[in-house]
Chemist: 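Have a look at this one before I ask anything.
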Protein chains: 2
Amino acid sequence: MQIDALKKLFAQSGLKFTNQRYLVYKAMVEARDHPSAETVWRRVRESAPAISLDTVYRTLASLEARGLVTRVPGGSEESRFDGDASPHHHLVCLQCGGIEDFVMPGAGLADLPPEVAAWGRVRDAQVLVRGVCRRCLGL
Amino acid sequence: MQIDALKKLFAQSGLKFTNQRYLVYKAMVEARDHPSAETVWRRVRESAPAISLDTVYRTLASLEARGLVTRVPGGSEESRFDGDASPHHHLVCLQCGGIEDFVMPGAGLADLPPEVAAWGRVRDAQVLVRGVCRRCLGL
DNA sequence: GTAGATGCAAATTGTTTGCAAGAGA
DNA sequence: TCTCTTGCAAACAATTTGCATCTAC
């Protein structure tokens, strides 16, 4: 993603363009493994060794509040984040903590039963599958 | 549920029948609000004032390991539990933390795409909807 | 009698916050 | 300049663990 486009994106969201924010967001968009805050921190530190873990937490929280990043549900106590804003579903391995994406037609926002609309305002909907992945099964 | 049936259920799961375990499980089966460990504790203490919070945590963990109780994903850091073992889906209010059930035909285990079976062993699948409930919206 | 369960207290872990200094718009 | 960010350290909150005692089986 172009730097200029990012500056615009941040500005639209009311966020200043800082190097730390830039690096965290870039790491999130590039990540395929739904990293934890600490994992993001480890990665970002390679480009900015002085960045603190709290900044990563704060940055992820503000990106989440703007919908630029999502918190993946269903894992352990440790929060995991997703930089892919497009709607998709998740497979969570209860053993190794690995998280993978999958797609499933017929399980989007439009397919929810009407009672859901009556419940309130929906922010996102996803199918969450929990189990044990192939590798942890020893296959 | 009959005490004898419960004793049998616990025995089948390799769990001793203790008063604490009995009360925690009963509280879970009766609860409609997907309580947190601390909420369960508060309720159970009315019948057993001496029960400790760690026992509630340990009991919920062992019930979960046997599939008698589920951890509801998607809320805050605080774990919420579900004593309803039948498959169903969840609506999570990000504001008040309230959790409600809903049903959705076409979103059961049998409806998952084949790639999910290739991923590993599935323990459970559910649709998770996050948003803000009617009451928190002020309606 | 023995393995598993409980209570207590202390420890752990992930995450948040107050504050002063620093940097973007 | 003025507000938003950051780093540091301390605070927090939920959950787990070690250990000695107790209890179901």
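Lettering of chains follows the sequences in order, A, B, ..., and the numbering in each one begins at 1.
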Chemist: Nearest of dC8(C), dG18(C), dA24(D) to any side-chain atom of R58(A)?
Modeler: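 Of the options given, the side chain of R58(A) lies nearest dG18(C).
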
Chemist: Check whether any side-chain heavy atom of F102(A) sits under 4.5 Å from a side-chain heavy atom of W119(B), and report yes or no.
Modeler: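 Sidechains of W119(B) and F102(A): no contact.
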
Chemist: Looking at the side chain of F17(A), which of dT15(D), dG7(D), dA25(C) is the nearest nucleotide?
Modeler: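 Of dT15(D), dG7(D), dA25(C), dA25(C) is nearest to the side chain of F17(A).
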
Chemist: Between dA5(C) atom P and I51(B) atom CD1, what is the distance in whole Å?
Modeler: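 From I51(B) CD1 to dA5(C) P: 14 Å.
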
Chemist: Let me know the distance between CG of L53(A) and P of dT15(C), rounded to the nearest Å.
Modeler: 9 Å

Chemist: Counting just side-chain N and O atoms, does T18(A) come under 4.0 Å of either OP1 or OP2 of dT5(D)?
Modeler: no

Chemist: With side chain to side chain contact (heavy atoms under 4.5 Å, CB included) as the test, pick out the partner of V127(B) among L112(A), D111(A), L128(A), V116(A).
Modeler: L112(A)

Chemist: Exactly one of F10(B), F81(B), F17(B) should register a ring-ring contact (aromatic ring centres under 6.0 Å, His included) with Y25(B). Which one does?
Modeler: F10(B)

Chemist: What's the CG-P distance between L60(A) and dG14(C), to the nearest Å?
Modeler: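 Going from CG in L60(A) over to P in dG14(C) covers 15 Å.
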
Chemist: For A11(A), which contact category applies under a 4.0 Å heavy-atom criterion: base, sugar-phosphate, or nothing?
Modeler: nothing

Chemist: Would you mind telling me which of dT15(D), dT17(D), dG14(C) lies closest to the side-chain atoms of E38(A)?
Modeler: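 Closest nucleotide to the E38(A) side chain: dG14(C).
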
Chemist: Given dG14(C), dA14(D), dG7(C), identify the nucleotide with an atom nearest to the side chain of E77(B).
Modeler: dA14(D)

Chemist: Count the heavy atoms belonging to other residues, nucleotides or ligands that lie under 6.0 Å from CZ of R121(B), then report whether that count exceeds 12.
Modeler: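 No.
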
Chemist: CG of N19(B) versus C1' of dC22(D): gap in Å, rounded?
Modeler: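 The distance from CG of N19(B) to C1' of dC22(D) comes to 14 Å, rounded to the nearest Å.
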
Chemist: Mind calculating the distance between OH (Y22(B)) and C1' (dA24(D)) to the nearest angstrom?
Modeler: 17 Å

Chemist: Nearest to the side chain of Q20(A), which nucleotide is it out of dA24(D), dT15(C), dG7(D)?
Modeler: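 Output: dG7(D).
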
Chemist: To the nearest Å, how far apart are E78(B) CD and dT15(D) P?
Modeler: 6 Å

Chemist: On the 0 to 90° scale, with breaks at 30° and 60°, tag the H90(A)-H34(A) ring pair as parallel, tilted or perpendicular.
Modeler: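 Because their plane-to-plane angle is over 60°, the rings of H90(A) and H34(A) count as perpendicular.
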
Chemist: Quickly work out the L23(A) CG to dT6(D) P distance and round it to whole Å.
Modeler: 11 Å

Chemist: Quick one: is dG7(D) close enough that its OP1 or OP2 comes under 4.0 Å of any side-chain N or O from S52(A)?
Modeler: yes

Chemist: Taking the side chain of Y57(B) as its heavy atoms from C-beta onward, which of dT17(C), dT16(D), dT5(D) lies nearest to it?
Modeler: dT16(D)

Chemist: 5'-most contact on DNA chain D: R21(A) or R71(B), nearest heavy atom basis?
Modeler: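 Final value for this comparison: R21(A).
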
Chemist: Which part of the nucleic acid, if any, lies within reach of S79(B) when heavy atoms closer than 4.0 Å are counted: base, sugar-phosphate only, or nothing?
Modeler: sugar-phosphate

Chemist: Calculate the interatomic distance between F10(A) atom CZ and dT5(D) atom P; express it in whole Å.
Modeler: 10 Å

Chemist: Of the nucleotides dC25(D), dG14(C), dC8(D), which has the atom closest to the K16(B) side chain?
Modeler: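 Of dC25(D), dG14(C), dC8(D), dC25(D) is nearest to the side chain of K16(B).
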
